[in-house]
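Read through the structure below, which is laid out as structure tokens, and then see the notes.
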Amino acid sequence: MSKLLTRATLLLAALVAASTLSAFAYPAPAQAASYSAPLRTAVAGLPVATEIRTGYDRDLFQHWIDADGDGCNTRYEILIAEATTAPSVGSGCTLSGGRWFSYYDGAYWTLPADLDIDHFVPLAESWDSGSRNWTSTQRRAFANDLGDSRSLIAVTDDVNQAKGDKDPREWLPSVTSVRCRYITEWVAVKIRWRLTVDSAEKSTLTSLAAGCSNVTVSVTYAI
């Protein structure tokens with residue numbers, strides 16, 4: 001009987017030790033920090049800094065990647081997620097039968113080739129605003145951000161090309177009724193990635209936000 005008790009005691013001790021080791025080897029992930037404030041407060045809180053383009057190269061932002069290994073890279077993940085009519089997904093993530101709405105210009109499309117995936121805050125703008133100081137891993141995460149639906153968006157290809165790397169001082173959607181949505185999402189992405197604004201950009205955002213509903217801007221920080 002004593003031998004059985006001894007073995008049981010040793011087994012229990014081993015389990016406790018293994019559990020303790022596991023706790024040290026696989027710590028619980030920390031809860032991601034978040035931010036929430038009315039739009040005009042959020043705009044006022046954006047840090048101002050001079051933009052620096054020196055050293056920028058689009059190739060410093062790896063995209064599009066297939067993060068989950070399902071055969072569909074980030075571009076196609078966005079097209080699938082944003083379709084107003086769900087497409088069929090074929091071999092090699094070929095999409096057919098879908099329909100998409102580009103809110104920048106109010107246009108509907110049925111061919112994926114007619115759509116670009118817009119980095120809401122353009123890659124070059126992010127570089128100017130702080131991503132030049134990031135690691136390559138952080139820049140890849142920004143370029144393929146599926147964690148916030150405002151970071152990447154499917155829009156008409158030539159409209160995206162017209163926007164280029166411009167901020168809201170230089171470019172706004174042609175559909176005036178969506179401009180408040182646009183600047184709210186711009187502010188959200190800037191906050192999510194802790195990016196700065198230049199003084200002219202902040203002045204424009206402040207002026208535009210004054211004419212918009214003072215909606216709450218809520219984000220989870222990415223870095």
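Note that the coordinates shown come from a computational prediction; the quantities given were computed from them, not determined experimentally.
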Notebook entry, point to check: Tell me, which pairs form a ring pair (Phe, Tyr, Trp, His ring centres under 6.0 Å) where one or both residues lie in residues 185-210, sequence neighbours left out?
Noted result: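 Found W134-W193, F142-W193.
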Check: Using 4.0 Å as the upper bound for N to carboxylate O, is an ion pair formed by K163 and E125?
Finding: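 No salt bridge links E125 with K163.
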Check: Does CZ belonging to F120 count more than 12 external heavy atoms closer than 6.0 Å?
Finding: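 More than 12 within 6.0 Å, yes.
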[X] with [Y], same ILVMFWY side-chain cluster at under 4.5 Å:
X: L111; Y: V155; answer: no
X: W171; Y: V197; answer: yes
X: V215; Y: I153; answer: yes
X: F101; Y: L115; answer: no
X: V178; Y: V43; answer: yes

Check: Does S203 reach the main-chain N or O of A200 with its side chain, forming a donor-acceptor pair under 3.5 Å?
Finding: no
Item checked: Sidechain-backbone polar pair: T204 side chain, P168 backbone, donor-acceptor under 3.5 Å ->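 Such a contact is absent between T204 side chain and P168 backbone.
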Please find the pair of heavy atoms, one from [X] and one from [Y], that lie closest to each other, and give the distance.
X: D157; Y: D116; result: O-OD2, 3.2 Å
X: K190; Y: T196; result: NZ-O, 2.7 Å
X: T156; Y: A107; result: OG1-CB, 3.9 Å
X: R132; Y: R139; result: O-NH1, 3.9 Å
X: L152; Y: N144; result: CD1-C, 4.0 Å
X: R40; Y: S213; result: NH1-C, 4.5 Å

Pairs satisfying disulfide bond (SG atoms under 2.5 Å apart), at least one member in [range], at least two apart:
range: residues 125-223; result: C180-C212
range: residues 125-163; result: none
range: residues 70-125; result: C72-C93

Item checked: Derivation and outcome, side chain to side chain contact (heavy atoms under 4.5 Å, CB included), residues I191 and L46 -> CA-CA 7 Å; I191 292 172; L46 290 170; 3.8 Å; yes
For a 4.5 angstrom cut-off between non-hydrogen side-chain atoms, does [X] reach [Y]?
X: L95; Y: L79; value: yes
X: T184; Y: V217; value: yes
X: I183; Y: L172; value: yes

Note to self: Measuring centre to centre across the rings, with the benzene-like ring taken for any Trp, is Y182 within less than 6.0 Å of Y103?
What the structure shows: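 Here the rings of Y103 and Y182 have centres that are no less than 6.0 Å from each other.
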Scan the side chains in residues 48-56 for donor-acceptor partners under 3.5 Å anywhere in the protein, sequence neighbours excluded, and list what turns up.
from	atom 1	to	atom 2	distance (Å)
R53	NE	D128	OD1	2.6
R53	NE	D128	OD2	3.2
R53	NH1	D165	OD2	3.1
R53	NH2	D128	OD2	2.7
R53	NH2	D165	OD2	3.4

Next item on the list: Assess the side chains of S102 and D105: does a donor N or O sit below 3.5 Å from an acceptor N or O?
Entry: yes
Next item on the list: Calculate, to the nearest 0.5 Å, the distance between atoms CG and CG belonging to D167 and L205 respectively.
Entry: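 Here the rounded value is 7.5 Å.
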Next item on the list: Begin from the C-alpha positions of T74 and L146 and carry the test side chain to side chain contact (heavy atoms under 4.5 Å, CB included) through to its verdict.
Entry: CA-CA 8 Å; T74 304; L146 296 175; 3.9 Å; yes
Show the atom names and distances, to 0.1 Å, of all donor-acceptor pairs under 3.5 Å that link a side chain in residues 61-69 to residues at least two apart or in another chain.
from	atom 1	to	atom 2	distance (Å)
H63	ND1	F61	O	2.7
H63	NE2	R58	NH2	3.4
D66	OD1	G69	N	3.1
D66	OD1	D70	N	3.3
D66	OD2	D70	N	3.3
D66	OD2	G71	N	2.8
D68	OD1	D70	N	3.2

